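Data first, discussion second: the structure below is written as structure tokens.
Quantities reported herein were computed from a predicted structural model and do not represent experimental measurements. Residue numbers start from 1 in every chain, and the chains themselves are labelled A, B, ... in the order their sequence lines are given, proteins ahead of strands. Only this structure's heavy atoms are used, side chains among them; waters, hydrogens and symmetry mates stay out.
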Amino acid sequence: MDKKLVIIDGNSIINRAFYALPEMNNKEGLKTNAIYGFTTMLFKIIDTYKPTHISVAFDRKAPTFRHIEFEDYKAGRKKMPDELKVQFEPLKELLDRFQINRLELDGYEADDIIGTVSKLGEENGYKVYIVTGDKDAIQLASDKTTTLITKKGIGEVEEYDFDEVIKRYEMTPTQFIDLKGLMGDKSDNIPGIPGVGEKTGIKLIKEYSSVEGIIENIENLKGSIKKKVEENKELAIKSKMLATIVRDVPIDINLDDLKYGDFDPNRVVEYFRYLGFTSLIPRVIEIDDKEKLNFDNENYNIKKLEDIECFVKEASNKKEVLIKTVRKEGNILEKNILYIFVSTDGSNIYYIEEDNISDLKEILLSKEIKKFGYNLKDDYIALKSYDIKLENMYFDIAIAEYLIDSMSSTSYECSAIAMKYLTKKVKSTEELLGKGVKAKKYQDLEFEELSTHISQILSTVYNVNSIMESNLKEMDIDGLFYHIEMPLVEVLGDMEHEGIKVDKEKLNELGTEFKEIIKRLEKEIYDIAGEEFNINSPKQLGVILFEKLGLPVVKKTKTGYSTNADVLEKLKNQSPIIDKITEYRQIVKLNSTYVEGLLNIINPISNRIHSSFNQTITTTGRISSTEPNLQNIPVKLEIGRNIRKVFIADENCKLVDADYSQVELRVLAQMSQDENMIDAFKHNEDIHTKTASQVFDVDAKDVTSELRSAAKAINFGIVYGKSDFGLADDLNIPVKQAKEYIEGYFEKYDKIKNYMDQTIEKATEDGYVTTIFNRRRYIPEIKSSNFMERNRGKRFAMNAPIQGSAADIIKIAMVNVYKKLEEKNLKSKLILQVHDELIVEAIKEELDIVKSIVKDEMENAVLMDVHLDVDLNIGDSWYETK
DNA sequence: TGTATCACG
DNA sequence: ACGTACGTGATACAG
């Protein structure tokens, strides 16, 4: 086999990669973008050139002979950013794990090592490739050596061998050195001959072939060029010397040591995991043994479930079953299951078709048999349409992964889980079904493909759950998982299935009303503007406001003028158009998002709205709601609040709305153990008034509403880690004064200050913060060398435990309310959660007991020094429950 | 598809 | 000196 040697300029490529790629972090906050870029580049080179030998050369910190010869060499270079500096050692570690040779030598640059190794390679019959971002290396090109220069970041390379250099530059590779001797190099601070640039340089070299040749023929030169050369010939010779890559560095190299390919992929994969490069894992396995990646079809077999009795017996004995339902696209209330796949061992996979679902009832309904799965809430809801309640949902790998590694914002797709834990390739939903408008549906797939995919999911569930369980225990979040998150699956499933009743006519009426207002405002705005335009387009609106009407530009966005509510607020006295636009925006929002949006999504079967509640989205532990989002229904402004009139209780029912009072501040008081704040809550004082009286040093009875709302802003600001600047902006006061307020606050609530400091310290040390139930949020930003990033990290650190603990608490309350309602055989249902608020649709006869259950379970969800306080409101519509 | 905007806790 | 409050989701526009 032909011997091929690739020599990489480590410094050059890592630099290119660093500037070409956006920021990346691993879980611990280590910057990884340059390492990632380098690695992908390395793979690309390996794929394209198939080298038998590889070496990576690095610069050393020590000054080189060039610095000694010429003190200004590379002077004025920008210092390497810390974000890049920290990536060198991990990269070297990675190369070592690849068993890729590394070379570096005091007193020489990577270039010189490359020159030396390439020469050695040529002499020993290798085809040599040099990989760098530095065009200087073109001087090393020859018929045996190809120089690959990165272009367009690091995505592509340009190939230069001897012929190519001649063709493109009409000079030999070595003449490149002479050219640089003449024209110098700004980036290395090589002077060259002042006044000689590329054009003159090339002309001279074409004629006299080298710097020395030019100097010898100095008499034949003319005019200013002659003068320049005469005056600077030493400089030219010195510059040429600086530009010449040394090819006989005193380094002991045995080319056999550069052999590539003999490495342990497991060690590389392990390090990829540490770096967070899960997507690169298949590349390594591919090099080693591609087969390993695929689920071996012989490892499982798929059969139609015939001997039900036998399977039921086995599941009952094991008390465990893996389950995954596959359903058609369609109304969530309809029966639309295509198949249910089940297994007890992860390898014998059985499926059952819709008609025979009831055969599985004994297993599904069993509270003894633990259900293991992936996105179990989907299975639960699918089965609900058949009036089958999936009992004992015990382990959902998506939820487990959400708790274990909430960093991987890349959702908790089974494909990612399989790759991370098992190094197995499972198709992602996108790979299976495609994306966009052309996406297939489950019912479109061949059974073969579908069943293979589902089997792989079940196999993954089977093989990862024990690893995950030990991770959960290690992190001390097994309690959170088994007692809060898993029981919540059923609660959310029920909420989704129940939905909330909507008064469609009322919604239409509101729509008509809004549309009339919009029409009127539109006309008035056009009148003032003097022309018609699209008010909804920030771009067009910007032109009208700031160019046509000449209003002052307050703020700019990436793309143009900012026209957001803050900006309009500042402009409102300057033109009557502003208030109209503000109002127009409001009504348009109400109409399109809430009226039209909700109308589109009312379920025709139930005439109710069935929002999805997602348990694995937020970084803090909150639940999120989609299609529609019922957690942002207007309430603050009266006009928007009207939307709540359409959310109504079913006949014979009332809505019971229970919300925690100041739950986040209570959590803060609890976590910080600040006596002052705990005391305020213990005595049921108005916390904002108390804060006002303390910070502004007035008697509680003298706290004006202005002072109270200032204190309220401070209280909330503290929870988010707000700065004096932000507070000043909010309260319209000087920054200095805001600063005094915050300082005053921390003086009065000194334990809170303590707590914040400690939390930040812990986050910096551990890389994460935790809630009272040990829910973890990783904060890589806190180690950033970028001031702004780091400060953001600090704010996350301060906020996440508070928001997250509040989320933990209401989740517990939900589970307990649900259990109580079930226990007492009540028909009233929990139907909504809005972060600190629960809504139960209560049967009128059950109203009193429901009220007491909700209040009780919410207030006693967690025992704290600071008691939790719940406000209850009853109404026929959500609007009335205020 | 990304950006701007705005609704909620 | 930096730039400035946490967490979400839906809609409309524009390239």
Side-chain angles (χ1 to χ4, degrees), chain A residues 406 435-436 533-542 555-568 581-582 584-598 600-601 611-614 617-637 639-641 643-644 659-664 668 713-730 735 738-739 742 769 777 779 784-804 806-807 810 832-838 878:
Chain A
S406 58
K435 63 167 181 174
F533 65 102
N534 186 347
I535 310 169
N536 292 318
S537 160
K539 200 178 162 190
Q540 293 183 37
L541 180 61
K555 204 168 72 178
K556 288 208 152 208
T557 66
K558 265 185 206 163
T559 51
Y561 311 110
S562 172
T563 66
N564 71 20
D566 282 350
V567 171
L568 296 185
I581 290 168
T582 306
Y584 173 88
R585 281 236 176 107
Q586 247 175 47
I587 311 295
V588 163
K589 175 90 179 175
L590 291 176
N591 188 56
S592 57
T593 301
Y594 299 103
V595 177
E596 302 293 340
L598 291 176
N600 277 328
I601 212 157
S611 173
S612 296
F613 293 96
N614 200 314
I617 295 286
T618 69
T619 49
T620 51
R622 278 187 173 179
I623 288 165
S624 91
S625 155
T626 54
E627 285 181 292
N629 181 356
L630 289 185
Q631 292 178 325
N632 70 349
I633 302 299
V635 67
K636 286 170 185 164
L637 301 170
I639 178 113
R641 199 172 198 150
I643 298 285
R644 295 190 171 217
D659 70 291
Y660 279 121
S661 141
Q662 311 294 359
V663 64
E664 292 195 339
L668 175 59
I714 301 174
N715 270 326
F716 279 107
I718 296 298
V719 172
Y720 302 135
K722 195 175 196 169
S723 67
D724 46 13
F725 184 95
L727 185 66
D729 193 47
D730 258 18
V735 176
K739 197 175 168 190
I742 293 175
V769 291
R777 160 145 187 197
I779 303 174
S784 171
S785 55
N786 176 301
F787 172 88
M788 200 174 77
E789 272 289 291
R790 199 167 56 247
N791 275 352
R792 278 186 70 207
K794 287 181 186 173
R795 293 197 296 268
F796 295 153
M798 292 187 270
N799 175 260
I802 303 170
Q803 191 181 122
I810 196 160
L832 264 185
Q833 188 253 41
V834 192
H835 309 308
D836 63 357
E837 170 187 16
L838 294 182
W878 200 359

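Partners of A:Asn632 under the side chain to side chain contact (heavy atoms under 4.5 Å, CB included) rule, at least two apart in sequence or in another chain, are A:Tyr594, A:Asn629. When the salt bridge (charged side-chain N to carboxylate O under 4.0 Å, His left out) test is applied to A:Glu789, the partners found at least two apart in sequence or on another chain are A:Arg792. Residues meeting the ring pair (Phe, Tyr, Trp, His ring centres under 6.0 Å) test with A:Phe716, sequence neighbours left out: A:His688. Partners of A:Ser562 under the side-chain hydrogen bond (donor to acceptor under 3.5 Å, both in side chains) rule, at least two apart in sequence or in another chain, do not exist in this structure. Annotation: salt bridge (charged side-chain N to carboxylate O under 4.0 Å, His left out) contacts of A:Glu596 (sequence neighbours excluded): A:Lys515. In this structure A:Asp730 satisfies the salt bridge (charged side-chain N to carboxylate O under 4.0 Å, His left out) test together with A:Lys722, sequence neighbours excluded. Partners of A:Ser624 under the side-chain hydrogen bond (donor to acceptor under 3.5 Å, both in side chains) rule, at least two apart in sequence or in another chain, do not exist in this structure.
Between the side chain of A:Ser611 and the main chain of A:Pro628, a donor-acceptor pair closer than 3.5 Å is present. At least one donor-acceptor pair closer than 3.5 Å links the side chain of A:Arg644 to the backbone N or O of A:Ile633. Judged purely by atom type and a 3.5 angstrom limit, A:Arg777 has no side-chain atom pairing as donor or acceptor with the backbone of A:Val769. No donor-acceptor pair closer than 3.5 Å links the side chain of A:Thr563 to the backbone N or O of A:Pro538.
Nucleic acid contact class of A:Asp729 (heavy atoms, under 4.0 Å, all strands): none. At the heavy-atom level, A:Asn534 lies under 4.0 Å from the strands shown only through sugar-phosphate atoms. When heavy atoms are screened at a 4.0 angstrom cut-off, A:Ile617 is found touching the sugar-phosphate backbone but no base atom. As judged by a 4.0 angstrom heavy-atom cut-off over every strand, A:Arg641 is placed among residues making no nucleic acid contact. Across all strands, A:Glu837 comes closer than 4.0 Å to no nucleic acid atom at all (heavy-atom distances). A:Val719 comes within 4.0 angstrom of no nucleic acid atom, judged by non-hydrogen atoms across all strands. When heavy atoms are screened at a 4.0 angstrom cut-off, A:Thr593 is found touching the sugar-phosphate backbone but no base atom. Among the protein residues, A:Ala800 comes within range of no part of the nucleic acid, since none of its heavy atoms lies under 4.0 Å from any strand.
For the segment residues 622-632 of chain A, the set of residues with a heavy atom within less than 4.0 Å of an atom of DNA chain B comprises A:Arg622, A:Gln631, A:Asn632, in numerical order.
For the salt bridge (charged side-chain N to carboxylate O under 4.0 Å, His left out) condition, no pair includes a residue of residues 624-637 of chain A, sequence neighbours left out.
Rounding to the nearest 0.5 Å places CG of A:Leu727 at 13.0 Å from NZ of A:Lys739.
Considering all non-hydrogen atoms of both residues, A:Asp724 and A:Val735 come closest at CG-CG1, 3.9 Å.
Place A:Met788 and A:Arg795 on DNA chain C by their nearest nucleotides, and A:Met788 ends up nearer the 5' end.
Here chain A contacts DNA chain B (any atom closer than 4.0 Å to a heavy atom, that is under 4.0 Å), and the contacts span B:dT1 to B:dG9 from 5' to 3'. Protein chain A contacts DNA chain C over a range whose 5' and 3' limits, counting nucleotides with an atom under 4.0 angstrom from a non-hydrogen atom, are C:dC2 to C:dG15.
Comparing C:dT4 with B:dA4, their P atoms sit 14 Å apart, to the nearest whole Å.
Secondary-structure annotation of DNA chain C gives the stems B:1-9 with C:6-14, with a stem taken as at least 3 successive Watson-Crick or G-U pairs whose two distances both fall under 3.5 Å.
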